[in-house]
Amino acid sequence: MEESPGGPSQKKVVAVVGGGLVGALNACFFAKRGFDVELFETREDIRQAKIVRGRSINLALSHRGRQALKHVGMEEKIVSQGIPMHARMIHSLNGKQSPIPYGKKGQYILSVDRANLNKELLTAAETYPNTKLNFDRKLQDWSAETGLMTFEQVEADLIVGCDGAFSAIRKQFLRRSRFNYSQTYIPHGYMELTMPPINGEFAMKPNYLHIWPRNTFMMIALPNLDKTFTCTLFMPFEEFEKITTGDEVIEFFQKYFPDAIPLIGVDALKRDYFRLPAQAMVSVKCSPYHIGSKCVLMGDAAHAVVPFYGQGMNAGFEDCIVFDEIMEQFNEDFSAVLPEYTRVRVPDDHAIADLAMYNYIEMRAHVNSKWFLFRKHIDNL
Ligand code: FAD
């Protein structure tokens, strides 16, 4: 196999643990540099799976994430499969809808299908001859001294932990001195509901991120290519638990989201509310992101954030691009690259985590206030 120009003189093995969004993209970055890349994913190959479980059905892709996709030649393809959202659309209790643009005219974020994005990134990684994807391979443990990973035993020069918020790679970090770690579960959970098309068309205006802010809780909806919307209800767990019958679901929606009832449908609401329990949301901050020259954390493994800023995946994608730039700067010398990555990246990722926590309140409460609407109006003049 040929090495990429400027690539390592002796090909090193990079093990990417986790084939989710960040892991699959990261495999492309390392492969492009000419490393021998082995990706290990605990799930089966989602491209063959009948049901794909993920942390949300769709998500918002923004500038950060797009820049990283562009770097591996994937931006156009993914953008063409996304739905632009130019503004938030605020639904008030009386059914009135008011748009608040995200930026200047022509600027937008995109609603993308998580499973499809993950599949496309895995396929892109696989096109590099120096990349091998291994599915049904769950990392049990690894040694920071030798770089030996226990699936069966696999060894690599660099281990890249992209194995999500509950990272098995990160466990080794916790055993080491001077590793800072904190995790916070917020009192809210989330539940996804589907709003079907009406007469083959979107039930609401498609190019918006719809928000029903109700102070202590809220619902949002992002459009999908099949003309459905995925509605996500964010609410304290104890409120979810108070609702125990189909009639109570309707009563609750009647009180807080009356305009959504005919669009989701009474029967669907009564059924889908009880399909799955509400899911928890965790914010993880840690530092450093590396151990010696052996291992580095990226994506949710390094910084799981609450989803209210729509930047978890985007920040994870940006990790890949920042790491790649540092690789260039330090001539792929892992012993210099890894500490520099920690130095540069920790403050930015921690800032994203803080902003996401701030937006947790902003979206459900401030977005509701006259002051907020006035300020947004001024911002957009
Ligand atoms: P993950 O997507 O969690 O992938 C980790 C992978 O590692 C998985 O495939 C898992 O199977 C695998 N794995 C785990 N353990 C092991 C092991 N031991 N061995 C091998 N493999 C393993 N972000 C945005 O940017 N925009 C949004 O709009 C947005 N919306 C969101 C909405 C919700 C409700 C939630 C919960 C999150 C949202 N996010 C959003 C955040 C986004 O989902 C995450 O930031 C993103 O999935 C992180 O990608 P990742 O690859 O780091 O982790």
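Heavy-atom basis, side chains included; hydrogens, waters and symmetry copies ignored. The shown structure was predicted, so the numbers you read here are calculated from the model rather than taken from an experiment. Remember, it's 1-based here, ligands and their atoms both numbered in the order they're listed.
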Side-chain donor-acceptor pair present, Tyr181, Gln183, cut-off under 3.5 Å: yes

With a cut-off of 4.0 Å, which atoms of ligand 1 are near a heavy atom of Phe40? 20 (C), 21 (N)

If we number the atoms of ligand 1 from 1 as shown, the ones under 4.0 Å from a heavy atom of Gly299 are 52 (O)

Acceptor/donor pairs from residues 250-258 side chains to any protein atom, 3.5 angstrom cut, sequence neighbours excluded:
none

What protein heavy atom sits nearest atom 10 (C) of ligand 1, and how far away is it? Glu41 OE2, 3.4 Å

Tell me yes or no: between the side chains of Glu38 and Asn134, is some donor less than 3.5 Å from an acceptor? yes

Relative to the heavy atoms of Tyr190, which atoms of ligand 1 are at a distance of less than 4.0 Å? 34 (C), 36 (C)

Any heavy atom of Glu192 sitting closer than 4.0 Å to ligand 1? no

For Lys138, the ligand 1 atoms with a heavy-atom partner under 4.0 Å come out as 18 (N), 19 (N)

Atoms of ligand 1 less than 4.0 Å from Arg137 heavy atoms? 19 (N), 20 (C)

Can you name the closest pair of heavy atoms from Ala221 and Trp212 and give their distance? CB-CZ3, 3.8 Å

In the protein, which heavy atom is nearest to atom 49 (O) of ligand 1, and how far is it? Val22 CG2, 3.6 Å

Applying the side chain to side chain contact (heavy atoms under 4.5 Å, CB included) criterion to Leu59, which one of Leu21, Asn314, Leu222 satisfies it? Leu21

Which residue and heavy atom of the protein sit nearest atom 52 (O) of ligand 1, plus the separation: Asp300 N, 2.9 Å

Does ligand 1 come near enough to Val17 that some N or O of the ligand is less than 3.5 Å from an N or O of the residue? no

Between OG of Ser287 and CG of Leu297, what distance do you get to the nearest 0.5 Å? 10.5 Å

Hey, what do you get for OG1 (Thr42) to CG (Leu139), rounding to the nearest 0.5 Å? 9.0 Å

Backbone or side-chain N or O of Met281 under 3.5 Å from ligand 1 N or O: no

Sub-4.0 Å heavy-atom approach of Gln140 to ligand 1: no

closest protein heavy atom to atom 14 (C) of ligand 1 is Asp163 O, 3.4 Å

Among all protein non-hydrogen atoms, which one is nearest to atom 40 (C) of ligand 1, and what is the separation to 0.1 Å? Leu59 CD2, 3.8 Å

Working to the nearest 0.5 Å, report the span between CZ of Phe30 and CE of Met327. 5.0 Å

Ring centres of Tyr341 and His290 under 6.0 Å apart? no

As an exercise, identify every atom of ligand 1 less than 4.0 angstrom from a heavy atom of Gly164. 3 (O), 5 (C), 53 (O)

Gly312 neighbourhood, listing ligand 1 atoms whose heavy-atom distance to it stays under 4.0 Å: 23 (N), 24 (C), 25 (O), 41 (C), 45 (O)

Protein contact to atom 4 (O) of ligand 1 [nearest heavy atom, distance to 0.1 Å]: Gly20 CA, 3.6 Å

Can you name the atoms of ligand 1, numbered from 1 with element, that are less than 4.0 Å from a heavy atom of Ala60? 24 (C), 25 (O), 26 (N), 27 (C), 28 (O)

Considering only distance and modelled atom types, tabulate donor-acceptor pairs under 3.5 Å from the side chains of residues 262-272, sequence neighbours left out.
{"from": "Lys270", "atom 1": "NZ", "to": "Asp247", "atom 2": "OD1", "distance (Å)": "3.3"}

Measure the spacing between OG of Ser293 and CG of Asp333 and express it to the nearest 0.5 Å. 8.0 Å

Ligand 1 N/O within reach of Thr232 N/O, cut-off under 3.5 Å: no

Do Gln329 and Glu340 have side-chain N/O donor and acceptor atoms under 3.5 Å apart? no

Of Ile220, Ile352, Leu110, Thr42, which has the heavy atom at the shortest distance from atom 22 (C) of ligand 1? Thr42

dist Asn207:CG -> His86:NE2 (nearest 0.5 Å) comes out at 5.0 Å

Closest to atom 18 (N) of ligand 1 among protein heavy atoms sits Leu139 O, 3.1 Å

Do Ile186 and Tyr360 come within less than 4.5 Å of each other through their side chains, counting heavy atoms only? yes

Protein heavy-atom partner closest to atom 35 (C) of ligand 1 - residue, atom, separation in Å: Pro307 CB, 3.8 Å

Of all the heavy atoms in Leu21, does at least one lie under 4.0 Å from an atom in ligand 1? yes

Of Met313, Lys171, Gln279, Arg114, the residue with the heavy atom nearest atom 2 (O) of ligand 1 is Arg114

To the nearest 0.5 angstrom, please state how far the NZ atom of Lys132 sits from the CG atom of Leu39. 11.0 Å

Given Ala165, Cys162, Ser111, Ala280, which one has a non-hydrogen atom that is nearest to atom 5 (C) of ligand 1? Cys162

Heavy atom of Gly316 under 4.0 Å from ligand 1? no

